[in-house]
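Predicted, not measured: the structure shown is a model, and the values here were computed from it. Below, chain A is the first sequence line, B the second, and so on; all start at residue 1. Just so it is clear, the values below take in all heavy atoms, side chains as well, and ignore hydrogens, waters and symmetry mates.
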There are 2 protein chains.
Amino acid sequence: MNQESELQIFRKYLQKKGLRYTPEREQIIKEIFLTHDHFDVDTLYLRMRQKGLQISKASIYRLIPLLIEAGLIEEVFFEDGHMHYEYIYGHEPHCHLRCISCKRIEEFRDPHWPDMEKMLKEKFGYEITNYKLEVQGLCPACKEKQKKE
Amino acid sequence: MNQESELQIFRKYLQKKGLRYTPEREQIIKEIFLTHDHFDVDTLYLRMRQKGLQISKASIYRLIPLLIEAGLIEEVFFEDGHMHYEYIYGHEPHCHLRCISCKRIEEFRDPHWPDMEKMLKEKFGYEITNYKLEVQGLCPACKEKQKKE
DNA sequence: TAGTGTAATGAGACACTTTAACAATAATTA
DNA sequence: TAATTATTGTTAAAGTGTCTCATTACACTA
Ligand SMILES: [Zn+2]
Ligand SMILES: [Zn+2]
Ligand SMILES: [Zn+2]
Ligand SMILES: [Zn+2]
């Protein structure tokens, strides 16, 4: 059974909101969904320019909140003065473990989340929309390097 | 038995690093440790000015990474275009549940963290330095309000 | 005490990210 | 067709955080 494509999802979302599906938006989304890498606005913009796609940065900035509200992408972390995103639709939810020294990122699943979610719902009465577990540490390589110094 | 004060901790840290303990730094730290509220640089700066303490913003910005490295404060979340911090020394580690509508924040303990930490150490070989679990959702009041619309 | 080197400060300039304003354009609706 | 609305690129603006620099404070030595 085929799952809906991200473009279909997005078109439905726009329709519901009375917004328009434009070539610019299509190009940006296609670029985002090309890889599962984490991305930021500037590198996405440069990547598109290198391919000859002429999209203004403002259009990317304007599209991002829509994609987030449509449930297609998510903020992952703020680093080096700007936000980093990744697409989530069609991917297992996961958490991030980052090396504070070399900035390497490992992804892992949190088996306890369903329990946590249940607990939070019961204790606080919140309707949970999303969660983010971000762990920092020193990767084995950097740990080794530090030991030698 | 008395626990070391945050100023003592900080002085030790500075000594170890060959840095200096100045009146400006003392004033900033005292202000931060006055309440457990989450804070950001700008409001801390204004709060100090209102009390007649003349500290430059640059000094606050320069102090923050030191306090983080000394284990006294921590980044909690990035919102409204800037980072928010809170002091952690002498406080139970906790996670944050935020209402996406009214921005209210609930704090809670994560009982699963010790298991998670163990798992991450074993699986990835990282030395974990800190973790941040941030949950978003709709608080009961905002849920009710939304229902009526 | 005087001299030297290092660190810290405040002020302002700067770089950078993100948002807003605007006029022009494209799509939609009446 | 005309009117309305959404979208775009460009440019300007806002805002955050960093850097530079001249000056000051401190620690150490001669
Ligand atoms: Zn590393
Ligand atoms: Zn990821
Ligand atoms: Zn709320
Ligand atoms: Zn807190």
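Distances shorter than 4.0 Å separate none of the side-chain N or O atoms of B/Ser56 from OP1 or OP2 on C/dA11.
Residues of residues 63-75 of chain B having a heavy atom closer than 4.0 Å to DNA chain D: none are found. Within residues 18-26 of chain B, the residues approaching DNA chain D are B/Arg20, by heavy-atom distance under 4.0 Å.
Annotation for A/Glu79: atom CD counts as buried by contact number, over 12 foreign heavy atoms lying within 6.0 Å. Other residues, nucleotides and ligands place no more than 12 heavy atoms under 6.0 Å from the CD atom of A/Gln54.
In this model, a donor atom of one side chain and an acceptor atom of the other lie less than 3.5 Å apart for A/Glu69 and A/Tyr13.
Judged as a ring pair (Phe, Tyr, Trp, His ring centres under 6.0 Å), and not counting sequence neighbours, A/Phe108 has no contacts.
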Per-pair distances, 0.1 Å, donor-acceptor, side chain in residues 33-44 of chain B, under 3.5 Å, sequence neighbours excluded:
from, atom 1, to, atom 2, distance (Å)
B/Thr35, OG1, B/Asp37, N, 3.3
B/His38, NE2, B/Glu86, OE1, 2.8
B/His38, NE2, B/His96, NE2, 3.1
B/His38, NE2, B/Glu107, OE2, 2.9
B/Asp40, OD1, B/Asp42, N, 3.3
B/Asp40, OD1, B/Thr43, N, 3.1
B/Asp40, OD1, B/Thr43, OG1, 3.3
B/Asp40, OD2, B/Thr43, OG1, 3.1
B/Asp42, OD1, B/Lys57, NZ, 2.7
B/Thr43, OG1, B/Asp40, O, 3.2

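Using a 4.5 Å cut-off on side-chain heavy atoms (C-beta onward), B/Cys99 and A/Tyr126 make contact.
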>> Does B/Lys12 form a side chain to side chain contact (heavy atoms under 4.5 Å, CB included) with B/Gln8? I'd like the steps, not just the answer.
In response: CA-CA 6 Å; B/Lys12 274 189 191 166; B/Gln8 285 173 312; 5.9 Å; no

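Expressed to the nearest 0.5 Å, how far CG of B/Leu97 lies from CD1 of A/Ile128 amounts to 5.0 Å. In this structure, CG in B/Leu19 is found 10.5 Å from CG in B/Leu63, a value given to the nearest 0.5 Å.
Of the charged side-chain nitrogens involved, none lies within less than 4.0 Å of a carboxylate oxygen, so that A/Lys132 and A/Glu74 do not count as a salt-bridged pair. One finds no salt bridge joining B/Glu106 and A/Lys123 here, because no Lys/Arg side-chain nitrogen approaches an Asp/Glu carboxylate oxygen to under 4.0 Å.
Atom OH of B/Tyr45 is separated from atom C1' of C/dT9 by 13 Å (rounded to the nearest Å).
Protein chain B contacts DNA chain D from D/dT16 to D/dC26, reading 5' to 3' and using non-hydrogen atoms of the protein with a distance under 4.0 Å.
Test B/Arg49, B/Arg25, B/Arg47 against B/Glu31 for salt bridge (charged side-chain N to carboxylate O under 4.0 Å, His left out) and you get one pass: B/Arg47.
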I'd like a list of close polar pairs between nucleotides 15-24 of chain C and the protein, N/O only, cut-off under 3.5 Å.
from, atom 1, to, atom 2, distance (Å)
C/dT18, OP1, A/Met83, N, 3.1
C/dT18, OP2, A/Tyr61, OH, 2.6

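Judged by the 6.0 Å and 45° rule, B/Arg98 forms a cation-pi pair with B/Phe77.
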